[in-house]
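Structure first, commentary second.
Order of appearance sets the numbers: ligands from 1, and atoms from 1 within every ligand. Being a predicted model, the structure only gives us computed values, none of them experimental.
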Amino acid sequence: MTTQKRVLVTGGAGYIGSHTVVELIENGYECVIVDNLCNSSYDSVARLEILTKHHIPFYKVDLCDHDGLEKVFQEHNIDSVIHFAGLKAVGESTQIPLTYYHNNILGTLVLLELMQKYHVEKFVFSSSATVYGDATRFPDMIPIPEECPLGPTNPYGQTKLGIENILRDLYNSQKDIWKVAILRYFNPIGAHPSGLIGEDPLGIPNNLLPYMAQVAVGRREKLYVFGNDYDSRDGTPIRDYIHVVDLAKGHIASLKYLDAIDQKTGICREWNLGSGTGSTVLEVYRAFCDASGIEIPYEITGRRAGDVLNLTAKPDRATKELKWKTELDVSIACKDLWKWATENPFGYQLNGISATFGT
Ligand code: NAD
Ligand code: WQD
């Protein structure tokens with residue numbers, strides 16, 4: 001009898017975490033989710049159980065709560081951890097930096113300390129292309145390889161770089177023990193093709209696709225395009241948009257890569273997860289209008305502070321080493337997002353009322 005490997009998924013109720021849980025279960029892993037639900041709801045976990053036809057143990061625990069988190073390690077034989085939990089809004093991080101440093105850095109430290117105590121040494125970390133900052137200052141490095149110099153330009157990005165540094169230091173202290181995958185995501189978009197799980201931002205969406213979807217379902221009046229005076233094909237900035245299901249599969253590839261490494265050898269390595277293809281804001285706008293059949297009203301406004309011209313990945317390292325590459329393009333992501341948006345116009349809430357966990 002083979003025993004299934006059990007993966008602790010922090011932030012598993014959130015957007016990328018929930019999609020990754022589906023792929024993990026489809027690949028024969030068992031999952032335990034820890035999430036404090038500060039940016040998600042238990043409904044996503046309930047939907048995951050319907051989608052996967054599996055019971056998924058769930059703990060409403062904050063990662064900074066050492067004792068609460070230790071209980072999870074005591075109750076489950078954890079084989080590896082995929083660490084999604086964290087605050088992620090760039091603009092908000094400039095307003096409340098201490099909250100971001102506290103939540104993201106301390107939460108990760110508590111988690112790593114418990115992993116060390118319970119001898120769980122395989123770790124996959126959600127990093128971000130934001131660690132590169134304005135990569136256009138190195139024109140020879142677009143598309144961006146992992147070797148591109150790092151330089152985040154906001155507190156959120158600093159927390160990602162800080163955690164990356166902690167992981168590199170930890171690995172260097174015990175090179176034969178730690179197996180760490182640092183995954184730098186570019187711009188995740190779309191939703192699961194089932195329409196059961198997707199992105200459900202609280203308040204006004206910061207990101208392009210969720211904002212556009214809310215205009216399309218009538219929750220907002222129009223899209224504001226932040227500037228058309230960039231040096232690109234149509235004047236709008238270029239990003240590497242990646243379907244969230246492809247991204248989720250990248251986690252399985254990296255976990256399998258870590259699993260395949262000799263037991264007495266460690267690793268700490270960075271991989272870009274992107275498609276390698278850049279799209280402008282107006283190209284994505286067109287793809288979403290086509291997918292939805294709706295001509296979404298929009299207005300060109302001024303540039304958003306902190307935006308850069310081009311963030312496109314060079315994903316060759318992941319292709320070569322993880323045997324992973326994207327398979328779903330922007331038009332498929334828009335189609336899947338539209339299914340999610342039309343079937344769940346208020347996200348996981350029903351008519352504006354959200355379910356709560358444990359009451
Ligand atoms: P999300 O907000 O949907 O998911 C994060 C989850 O973590 C949420 O469910 C939230 O409730 C939980 N959480 C936050 N702090 C916690 C804490 N202290 N203890 C327990 N749970 C906590 O975000 P996402 O888009 O799914 O992002 C997942 C990860 O990927 C994050 O670390 C994010 O920084 C990173 N990332 C996201 C993007 C993106 O564009 N979505 C891009 C690059 C990297
Ligand atoms: C994409 C493009 C905007 C909204 C962010 C984080 C990054 C990573 C991914 C976590 C830009 C334009 C947007 C709108 C617009 N997250 N836009 N109108 O800024 O590339 O990346 O998410 O790690 O760290 O910064 O994504 O979706 O906000 O913007 O015109 O209402 O869409 O100017 O060019 P971004 P985004």
Side-chain angles (χ1 to χ4, degrees), residues 9-20 33-42 44-45 59-65 68-69 82-91 93 99-100 102-108 110-111 125-133 152-154 156-157 159-160 163 183-189 197-202 204-212 214-215 220 222-228 230 232 236-242 244 247-248 251 273-274 278-282 284-285 298-311:
V9 184
T10 77
Y15 173 44
I16 305 169
S18 57
H19 288 80
T20 302
I33 295 178
V34 170
D35 199 304
N36 66 2
L37 302 181
C38 70
N39 196 38
S40 51
S41 75
Y42 180 70
S44 65
V45 182
Y59 292 79
K60 186 180 175 201
V61 165
D62 190 301
L63 291 191
C64 300
D65 168 7
L69 190 58
I82 307 186
H83 180 35
F84 295 100
L87 299 174
K88 63 164 183 177
V90 170
S93 79
T99 305
Y100 269 68
H102 182 96
N103 188 76
N104 292 3
I105 305 268
L106 183 62
T108 305
V110 172
L111 175 64
F125 174 56
S126 298
S127 190
S128 167
T130 199
V131 296
Y132 296 115
T153 55
N154 55 70
Y156 163 69
T159 69
K160 289 291 170 193
I163 294 167
L183 305 181
R184 293 179 181 151
Y185 316 154
F186 280 67
N187 285 56
I189 58 167
I197 57 170
E199 189 170 12
D200 182 18
L202 289 176
I204 303 170
N206 298 306
N207 300 114
L208 178 63
L209 272 297
Y211 198 102
M212 228 163 14
Q214 290 196 4
V215 177
R220 307 202 177 269
K222 60 181 160 186
L223 170 72
Y224 297 94
V225 173
F226 299 144
N228 66 348
Y230 288 86
S232 71
T236 61
I238 300 164
R239 296 289 180 272
D240 188 335
Y241 296 93
I242 165 174
V244 66
L247 182 60
H251 294 74
L273 295 187
S279 306
T280 68
V281 173
L282 290 179
V284 175
Y285 165 82
Y298 76 93
E299 180 185 329
I300 308 278
T301 60
R303 291 184 176 197
R304 182 171 68 178
D307 276 351
V308 300
L309 166 63
N310 190 348
L311 279 175

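At least one N or O atom of Phe226, backbone or side chain, sits closer than 3.5 Å to an N or O atom of ligand 2.
Against a heavy-atom cut-off of under 4.0 Å, Val90 is close to the following atoms of ligand 2: 6 (C), 24 (O), 25 (O). Atoms of ligand 2 lying under 4.0 Å from any heavy atom of Asn187, numbered from 1 in the order shown and given with element: 20 (O), 21 (O), 26 (O), 35 (P). Ligand-side atoms of ligand 2 in range of Pro237: 34 (O), range being under 4.0 angstrom from any heavy atom.
Ser44 pairs by the side chain to side chain donor-acceptor pair (under 3.5 Å) definition with nothing, not counting sequence neighbours. Applying the side chain to side chain contact (heavy atoms under 4.5 Å, CB included) rule to Ser128 yields the partners Thr130, Tyr156, Lys160; only residues at least two apart in sequence or on another chain are considered. Every ring-ring contact (aromatic ring centres under 6.0 Å, His included) that Tyr185 has, sequence neighbours left out, goes to His251.
Nearest to atom 18 (N) of ligand 2 by heavy atom, out of Tyr298, Tyr156, Tyr224, Tyr241, is Tyr224.
A 4.5 Å side-chain heavy-atom check between Val284 and Met212 finds at least one atom pair inside the cut-off. Side-chain contact between Tyr211 and Ile204 is present, with heavy atoms from C-beta onward closer than 4.5 Å.
The protein heavy atom nearest to atom 8 (C) of ligand 2 is Ser128 OG, 4.0 Å. Regarding atom 33 (O) of ligand 2, its nearest protein heavy-atom neighbour is Asp307 OD2, 2.5 Å. Protein heavy atom at the shortest distance from atom 20 (O) of ligand 2 is Arg239 NE, 2.6 Å. The closest protein non-hydrogen atom to atom 36 (P) of ligand 2 is Asn207 ND2, 3.4 Å. Among protein heavy atoms, atom 12 (C) of ligand 2 sits closest to Val281 CG2, 3.7 Å. Atom 28 (O) of ligand 2 has its closest protein heavy atom at Arg304 NH2, 2.9 Å.
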Between ligand 1 and the protein, tabulate every N or O atom pair separated by less than 3.5 Å, reporting distance only.
from     : atom 1 : to     : atom 2 : distance (Å)
ligand 1 : 2 (O)  : Asn39  : ND2    : 2.7
ligand 1 : 3 (O)  : Tyr15  : N      : 2.9
ligand 1 : 9 (O)  : Gly14  : N      : 3.4
ligand 1 : 9 (O)  : Asp35  : OD1    : 3.2
ligand 1 : 9 (O)  : Asp35  : OD2    : 2.6
ligand 1 : 9 (O)  : Ser40  : OG     : 2.6
ligand 1 : 11 (O) : Asp35  : OD1    : 2.7
ligand 1 : 11 (O) : Asn36  : OD1    : 3.4
ligand 1 : 11 (O) : Cys38  : N      : 3.0
ligand 1 : 11 (O) : Asn39  : N      : 3.0
ligand 1 : 11 (O) : Ser40  : OG     : 3.3
ligand 1 : 13 (N) : Asn36  : OD1    : 3.4
ligand 1 : 15 (N) : Asn103 : ND2    : 3.1
ligand 1 : 18 (N) : Asp62  : OD1    : 3.2
ligand 1 : 18 (N) : Asn103 : OD1    : 2.8
ligand 1 : 19 (N) : Leu63  : N      : 3.0
ligand 1 : 21 (N) : Asn36  : N      : 3.1
ligand 1 : 21 (N) : Asn36  : OD1    : 3.2
ligand 1 : 23 (O) : Lys88  : NZ     : 3.4
ligand 1 : 25 (O) : Lys88  : NZ     : 2.7
ligand 1 : 26 (O) : Tyr15  : N      : 3.2
ligand 1 : 26 (O) : Ile16  : N      : 2.8
ligand 1 : 32 (O) : Phe84  : O      : 2.7
ligand 1 : 32 (O) : Lys160 : NZ     : 2.8
ligand 1 : 34 (O) : Tyr156 : OH     : 2.6
ligand 1 : 34 (O) : Lys160 : NZ     : 3.1

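The parts of Leu208 lying near ligand 2 are both backbone and side chain, judged by heavy-atom distances below 4.0 Å. Residue-level proximity to ligand 2 for Asn206 is carried by the backbone, the only part with a heavy atom below 4.0 angstrom.
Assignment of Tyr285 to the shell around ligand 2 is not supported, since no heavy atom sits closer than 4.0 Å.
In this structure, Phe84 and Ser126 approach most closely via the heavy-atom pair CD2-OG, 3.1 Å. Scanning all heavy atoms of the two residues, the minimum distance from Leu111 to Leu69 falls at CA-CD2, 3.9 Å. Contact record, Lys60 with Asn36: CE-O, 3.7 Å, taken as the closest heavy-atom pair.
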